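Model, not experiment: these values are computed from the prediction.
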Protein chains: 4
Amino acid sequence: MLENLKQKVYEANMLLPKYDLVTFTWGNVSEIDRESGLFVIKPSGVDYDQLQPADMVVVNLDGEVVEGEMNPSSDTPTHAYLYRTFSEIGGVVHTHSPWAVSFAQAGVDIEAFGTTHADTFYGTVPVADALTQPEVEGAYELNTGVVIEREFAKRSLNPMDVPAVLVRQHGPFTWGKDAMDAVHNAKVLEVVAEMNYHTLMLTHGDSSIPQYLLDKHYYRKHGANAYYGQDNALSHNHSTAIN
Amino acid sequence: MLENLKQKVYEANMLLPKYDLVTFTWGNVSEIDRESGLFVIKPSGVDYDQLQPADMVVVNLDGEVVEGEMNPSSDTPTHAYLYRTFSEIGGVVHTHSPWAVSFAQAGVDIEAFGTTHADTFYGTVPVADALTQPEVEGAYELNTGVVIEREFAKRSLNPMDVPAVLVRQHGPFTWGKDAMDAVHNAKVLEVVAEMNYHTLMLTHGDSSIPQYLLDKHYYRKHGANAYYGQDNALSHNHSTAIN
Amino acid sequence: MLENLKQKVYEANMLLPKYDLVTFTWGNVSEIDRESGLFVIKPSGVDYDQLQPADMVVVNLDGEVVEGEMNPSSDTPTHAYLYRTFSEIGGVVHTHSPWAVSFAQAGVDIEAFGTTHADTFYGTVPVADALTQPEVEGAYELNTGVVIEREFAKRSLNPMDVPAVLVRQHGPFTWGKDAMDAVHNAKVLEVVAEMNYHTLMLTHGDSSIPQYLLDKHYYRKHGANAYYGQDNALSHNHSTAIN
Amino acid sequence: MLENLKQKVYEANMLLPKYDLVTFTWGNVSEIDRESGLFVIKPSGVDYDQLQPADMVVVNLDGEVVEGEMNPSSDTPTHAYLYRTFSEIGGVVHTHSPWAVSFAQAGVDIEAFGTTHADTFYGTVPVADALTQPEVEGAYELNTGVVIEREFAKRSLNPMDVPAVLVRQHGPFTWGKDAMDAVHNAKVLEVVAEMNYHTLMLTHGDSSIPQYLLDKHYYRKHGANAYYGQDNALSHNHSTAIN
């Protein structure tokens, strides 16, 4: 069942250690097959060294296991919620990458300070409000999706323009058109967080770029007038992410 | 004698350079066989490149060598004291990992700022009071164990809930159900220290998480109601550490 | 056409990931053949893992493709402008290396704080003024070259003495006698930026070195009286860069 | 001539990239044969990838080449001066390792903040006063040795107790009983500098350890009562460095 997708999700998961985004088993990637309404996700707590494509778990949009012998990631209800809420996304990633976590713990948004940011994220990557005590003690992982949705609604953000969020006191979730794209965004977020940190330490002030530079760089890589890359065919150009 | 344990302790020691936790020979791992009351520890000052399982030294709870041709780690009396004092622990690790050492040198506790911390440590990882001059000039390594015990007593901490300490002006000791678990905790401590440092620089304030989030994440991985991982059988899930 | 140069430019591009200067495809290197007035540059958005010498694109000084099946780097007009403006340079590099980008985002010049800097850069590496809205919305990549030229004119800098600039809100461009030299300068800039950052955090003040130390170290490696290295023949000594 | 020593010095030089202490060719190691009064040093500006044992240059205590087809390191007069001045040392290392350089550029001493420091350096690693204009414009590399000697005299430091210095606006020199020991000290200095930086950022105050802890740790590894390691025979224990 969904063998190709399992292979894809396996490969996307294996990029997390390659890109230095995980310690131990602290990350997970999923991708959805929108036709069947099923998604494939990493099993919970399995070492990357031992992970196999066949270990991937098939789950439905209620977060129930449809196929697979292992428990899915404990964050599965968050993935399911994001797939239900953000209908255009095809892949979701969660990590504890250290720079992004530091901003999540500090409650500091990752603002667009430069073109590195603008090439991928169309504006500020928000920190979502902390979960309340009832939200933590209730359906915690599902409520993690709820606070993300709430933050995007409150700020009127399009999740395809800003495919990342920092869950307060926790860490980053990113998404994209598919699993690979979501992993790409997870890496960009970590790099951008590192650059923002050092920029903030140098200035202790606001270094936000103007809207016209944000527009320029974002639309250089995204949308109908994108001109970066090779037609999105031969290269790993991510400019098709929101086409 | 205890050949299987020597192999285990050797492998746990070799994880220290793999996890970037040691420079030169600045780390050591031991594990105890509670039935015989003997523990196995790395020899003192031997390069990881040259270390062999047969080099491991068997020591009793008074810190006396029972078998082995090499001197045991100079920190052996600290390990012995911790095994005598904390009856539930099965493995001990000491390193000079740079982020944890920085907090130990600064005398700043590693507080729970996020879920990465809460998944492993049930609250603040304390800095123990500095050893006094008589404690340093006396049985120094044994007294290092004494100040750890004193700090845990003073703060009413359960060593299985908070399996780590920073010895002031020195560095981290961690422990766990066995050597591998103690090494796992040493790595988590280093990662959490790095995240805490950057969080502190971003906020210059207190970013402690609420008790209910600490409870949620800690008990997601530990105790009877843990639901992270694969039954603790197929994976390197550490949720059995204190069962 | 220019097969040797394609090979050279390919090899120089492959040094960017080797020297930890790029994430994904965020960098490009070119080198010019001054006789023909053509330069060779990396194609846009192609992964370094998949890059081949034959993928290199031949471009004229107006930035028009002369040979090659792929789109050239989207930064090609900047390279072309720099070759037209700085007649002595033979190679150009652009990256998003994180330390240099942090200074570009903060708008903080990289001043000469030590001999590591002075060995390669004869004084401050400037941050160029941000592009104006018309400059961003017009011929953006060409205008990136314009602001670099303007900054060097305003500060009366010789581009062969200071072969690097930080484009505000964007990142570093470096150049040199050829592609390899420009890559060398890109790496030095990143290392120097890292050292400057930590120096600034330690002092919160000006740590600029005196002119006589700048002279001593710069001319130890550059010009007629250079005495570092092996006659610039057997080694990768860069002292010939501006001879 | 001195073929064994060339091999030793070659191997010690090759540890610099292995220990992440150099970028490009920015480092050099030498070792002296006290009987003949000759020392062997790396050639100037040669890539580590291409370095061969036969490339090592034999130099006398006046810094004159006695054997070898390549130019010796441009820092040779500093090495020679240190061998003439500090009669007990057998090896010298110079690098531009980034943490140590940051302190040299900032003019901030590396004080003993913990046992990691005390295990190798018996107290503060000093920043030497900057060279004056005549010193820079005169016999610069020799005068670099002069300011080191002056700083040690001014502070009444024994170079075997504190086998390292930061040359202001430049970077670290370390030494030891032989080349390997000097490289060891160069690595310890870099690690200690990194830890001190983060400690300073956390506290913004003095974290110096008391004399009795400095004594305890230093003499645990050095001198007649050292008890760390394996008799200094089987292991890379450096406790014999000043015996």
Side-chain angles (χ1 to χ4, degrees), chain A residues 15 18-21 99 111-120 180 183-217 219-221 226-240, chain C residues 22-26 43-51 55 57 68-76 94-110 127 130-138 140-141 143-144 166-171 193-194 196-198 200-201 204:
Chain A
L15 288 177
K18 185 182 170 194
Y19 290 168
D20 284 329
L21 295 172
W99 288 106
E111 294 181 83
F113 285 174
T115 61
T116 318
H117 183 117
D119 280 338
T120 297
M180 284 297 198
V183 171
H184 171 269
N185 294 339
K187 178 64 178 177
V188 176
L189 183 65
E190 183 67 2
V191 171
V192 166
E194 179 184 353
M195 290 171 172
N196 267 36
Y197 174 88
H198 292 121
T199 304
L200 284 166
M201 293 297 124
L202 285 168
T203 62
H204 296 288
D206 186 7
S207 298
S208 292
I209 60 174
Q211 183 65 35
Y212 53 84
L213 185 60
L214 186 60
D215 286 344
K216 177 68 193 179
H217 266 266
Y219 291 115
R220 201 165 81 140
K221 284 200 175 181
Y227 59 94
Y228 181 93
Q230 308 292 335
D231 275 331
N232 314 317
L234 294 173
S235 72
H236 280 244
N237 183 344
H238 290 263
S239 66
T240 57
Chain C
V22 291
T23 301
F24 296 123
T25 60
W26 307 346
S44 180
V46 176
D47 274 357
Y48 288 94
D49 287 351
Q50 303 178 6
L51 201 62
D55 297 337
V57 186
E69 299 186 9
M70 300 184 113
N71 298 334
S73 164
S74 56
D75 298 310
T76 297
H94 172 52
T95 78
H96 286 238
S97 63
W99 288 106
V101 166
S102 298
F103 278 81
Q105 293 189 159
V108 174
D109 288 349
I110 300 181
V127 181
L131 280 74
T132 62
Q133 183 162 358
E135 284 168 344
V136 168
E137 293 177 348
Y140 173 65
E141 289 84 2
N143 288 332
T144 299
L166 301 176
V167 175
R168 186 84 166 90
Q169 298 162 339
H170 190 157
E194 178 184 354
N196 267 37
Y197 175 88
H198 293 121
L200 284 167
M201 293 297 124
H204 297 288

> With chain C, which of D215(A), T199(A), N196(A) has the greatest number of heavy-atom pairs at distances under 4.5 Å?
Replying inline: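 Ranked by heavy-atom pairs under 4.5 Å with chain C, first place is T199(A).
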Provide the closest heavy-atom pair for [X] versus [Y] in the form atom of the first, atom of the second, distance.
| X | Y | value |
| --- | --- | --- |
| Y228(A) | S74(C) | CD1-OG, 3.4 Å |
| S44(C) | G229(A) | OG-N, 2.6 Å |
| P43(C) | Q230(A) | CB-NE2, 3.5 Å |
| G138(C) | K216(A) | O-NZ, 4.4 Å |
| A106(C) | T203(A) | CB-CG2, 3.3 Å |
| S208(A) | Q169(C) | O-NE2, 4.4 Å |

Heavy-atom distance under 4.5 Å between the side chains of [X] and [Y], does that happen here?
| X | Y | answer |
| --- | --- | --- |
| Y140(C) | L213(A) | yes |
| T115(A) | W26(C) | no |
| N71(C) | Y227(A) | no |
| L202(A) | L200(C) | yes |
| H198(A) | V101(C) | no |

> Relative to the ring of H170(C), is the ring of H217(A) parallel (under 30°), tilted (30 to 60°) or perpendicular (over 60°)?
Replying inline: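 Judged by the thresholds at 30° and 60°, the geometry between H217(A) and H170(C) is perpendicular.
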> Between H184(A) and F24(C), what is the ring plane arrangement, given parallel below 30°, perpendicular above 60°, and tilted in between?
Replying inline: tilted
Output the distance between atom [atom1] ([X]) and atom [atom2] ([Y]), rounded to the nearest 0.5 Å.
| X | Y | atom1 | atom2 | result |
| --- | --- | --- | --- | --- |
| T23(C) | E194(A) | OG1 | CD | 8.5 Å |
| I209(A) | Q105(C) | CD1 | CD | 8.5 Å |
| Y197(A) | S102(C) | OH | OG | 11.0 Å |

Contacting region of [X] [heavy-atom separation from chain A under 4.5 Å]:
| X | value |
| --- | --- |
| T132(C) | backbone |
| D55(C) | neither |
| E141(C) | side chain |

>> Please rank H204(C), H96(C), Q133(C), M201(C) by heavy-atom pairs under 4.5 Å with chain A and give me the top one.
In response: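 Top option by heavy-atom pairs under 4.5 Å: Q133(C).
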